[in-house]
There are 4 protein chains.
Amino acid sequence: MIIRIDQKSNEPLYLQLRSQIIASIAQGTLEPGDALPSVRSLASDLGINLHTVNKAYAVLRDEGYVVMRGRSGAYVADPADHGPAQTEAGLARMDEALFALALEYRAHGGPQEEFVARAAAQAERAYKEER
Amino acid sequence: MIIRIDQKSNEPLYLQLRSQIIASIAQGTLEPGDALPSVRSLASDLGINLHTVNKAYAVLRDEGYVVMRGRSGAYVADPADHGPAQTEAGLARMDEALFALALEYRAHGGPQEEFVARAAAQAERAYKEER
Amino acid sequence: MIIRIDQKSNEPLYLQLRSQIIASIAQGTLEPGDALPSVRSLASDLGINLHTVNKAYAVLRDEGYVVMRGRSGAYVADPADHGPAQTEAGLARMDEALFALALEYRAHGGPQEEFVARAAAQAERAYKEER
Amino acid sequence: MIIRIDQKSNEPLYLQLRSQIIASIAQGTLEPGDALPSVRSLASDLGINLHTVNKAYAVLRDEGYVVMRGRSGAYVADPADHGPAQTEAGLARMDEALFALALEYRAHGGPQEEFVARAAAQAERAYKEER
DNA sequence: GTGGTCTAGACCACG
DNA sequence: GTGGTCTAGACCACT
């Protein structure tokens, strides 16, 4: 699993970490049941603080992507048992985000079909890579 | 132009303002050349701080959506005049955002076609409303 | 609002704080829209760390009891707009907890009616005090 | 006696074990005087550590649910033999728990009668199953 | 050794 | 001045 953090970005480190782990799950680098690195080891690998990794893991747990087995570490959750509440909240957020992006595209003068084509292209990229 | 600010949201006020103005431009409520409300009047209308409105306008200017004509106020820019650099930067950000969303969707176990369908549905919504 | 923390308890401080604030909301000491003390002032009042208060507030926010207005502090949420997802998750947890308590009571040899009577008595207490 | 442990839960294993054994006692699967499985066999059956089972048994002993007869193992205690101190301590804990739950319910805006009805429903469930 | 919790002190975006 | 984020270092419960 390759994780790259940009210390200079204004996106919070723990959110960068979250995104990267979600990407790894999406692309199959991490499969359901796989163990994530321990907070300590990942923190030292990335040169960031333990608590930052901890927060990223906590967010992923709250979003249903991983489960924490207090005893032995963090594991990738099976998408099949994401709670429906989590899923619905996630879909609502996603629709909102897509809507905002579409509005921005329109405000720039871009036509509707082009926006959809762009979304399709990115979907292609997200669903093709590394698996 | 109807602007609604949600004081309870965790999204910064100036970004909410930015989104709402972009939405107005997208939906034609604001057309190229139109004057935006003055910072003072908009701030008092919304019951928020002058600085907040100012910051929103500055962001919109940096993104090419509006032009500031010195003392006479802010005006909606013509999409045709957007500098190519701004446009490209915007497109890159948008592609990145779409890619991240697609990855999240895939990580949740959703199929590619469904993601595209969702994007298309939101585009429909963004391109239909109010014009 | 009277908050009392027991440093010696094995219950985590942030959870004690959470319970106390929920109690204040339940009993009307805190009403929807009221401002909570700032994390800094509450932390210093209670003689605990700022981050501990912060975590308690974050939990309460996630559970829908309070809303954070990044700018001006934390406010008591209106129960009317607790998200249904949060409410349902809460009810499920509550039912589970009640079930576990009932089982314990039965294992001790106590009859069903007595358990219900006890629950009713505690409800009486919770719904009567301070309002 | 059917014991099911959820490795994914964030509840400590030894507490899950404790709850399950209490449930078995409550529902009559385990009756006063019955022998509990040996620490070794239960640990290997559940695929967990010896220490974990041991700790669960120790907690149950402290709470008066089981008695340890030296080398011959653990036996289900007769509720009649529960020391009054243990019983009272247990009742106090239970009342506290019920009170906290009632407060949470009230803070969410739920009416008193509904809370009692919920408690009664869970009692029904706890007192009906498996006997 | 693992995550959970707490303390301490710092900087930043926001308003 | 507010909460959000990050760093640092410590102790504890659980396995």
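All values below were derived from every heavy atom in this structure, side-chain atoms included, with hydrogens, water molecules and symmetry-related copies excluded. So you know, we letter chains A, B, ... as the sequences are listed, proteins then strands, and number each from 1.
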Stem list, DNA chain E (Watson-Crick or G-U pairing under 3.5 Å, at least 3 consecutive pairs)
E:1-14 with F:1-14
Quick check on B:Arg93: does its CZ atom have over 12 non-hydrogen neighbours (other residues, nucleotides or ligands) under 6.0 Å away?
yes
Between B:Ile22 and B:Glu63, the two heavy atoms sitting closest are CD1-OE1, 4.2 Å
How close or far is atom P of F:dC12 from atom CD of C:Gln7, stated in whole angstroms?
14 Å
Please report the shortest heavy-atom distance between A:Leu13 and A:Asp6, naming the atom on each side.
CD2-O, 4.0 Å
With rounding to the nearest 0.5 Å, note down the distance linking CG in A:Leu98 to OH in B:Tyr105.
10.0 Å
Whole-Å distance separating the CD atom of B:Gln16 from the P atom of E:dC14:
12 Å
Nearest heavy atoms of B:Arg40 and B:Leu50, plus distance in Å
CA-CD2, 3.6 Å
Could you list by number each residue of residues 38-55 of chain B showing a heavy-atom separation from DNA chain F of less than 4.0 Å, or answer none if no residue does?
none
Are the side chain of D:Gln16 and the backbone of D:Glu11 linked by a donor-acceptor contact shorter than 3.5 Å?
yes
Nearest-0.5 Å distance, CD1 of residue D:Ile3 to CD1 of residue D:Ile21:
5.0 Å
Near DNA chain E, counting only heavy atoms under 4.0 Å, which residues of residues 8-15 of chain B show up?
B:Pro12, B:Leu13, B:Tyr14
Rounded to the nearest Å, what distance is computed from the CE atom of residue C:Met68 to the C1' atom of nucleotide E:dG15?
15 Å
Taking everything shown except A:Glu96 itself, do over 12 heavy atoms lie less than 6.0 Å from its CD?
no
Which pair of heavy atoms, one from D:Leu42 and one from D:Pro37, lies closest together, and at what distance?
CB-CB, 4.1 Å
Grab the OH-C1' distance between A:Tyr57 and E:dT5 for me, whole Å please.
19 Å
Which pair of non-hydrogen atoms, one from B:Gln20 and one from B:Ile2, has the smallest distance, and what is that distance?
OE1-O, 4.0 Å
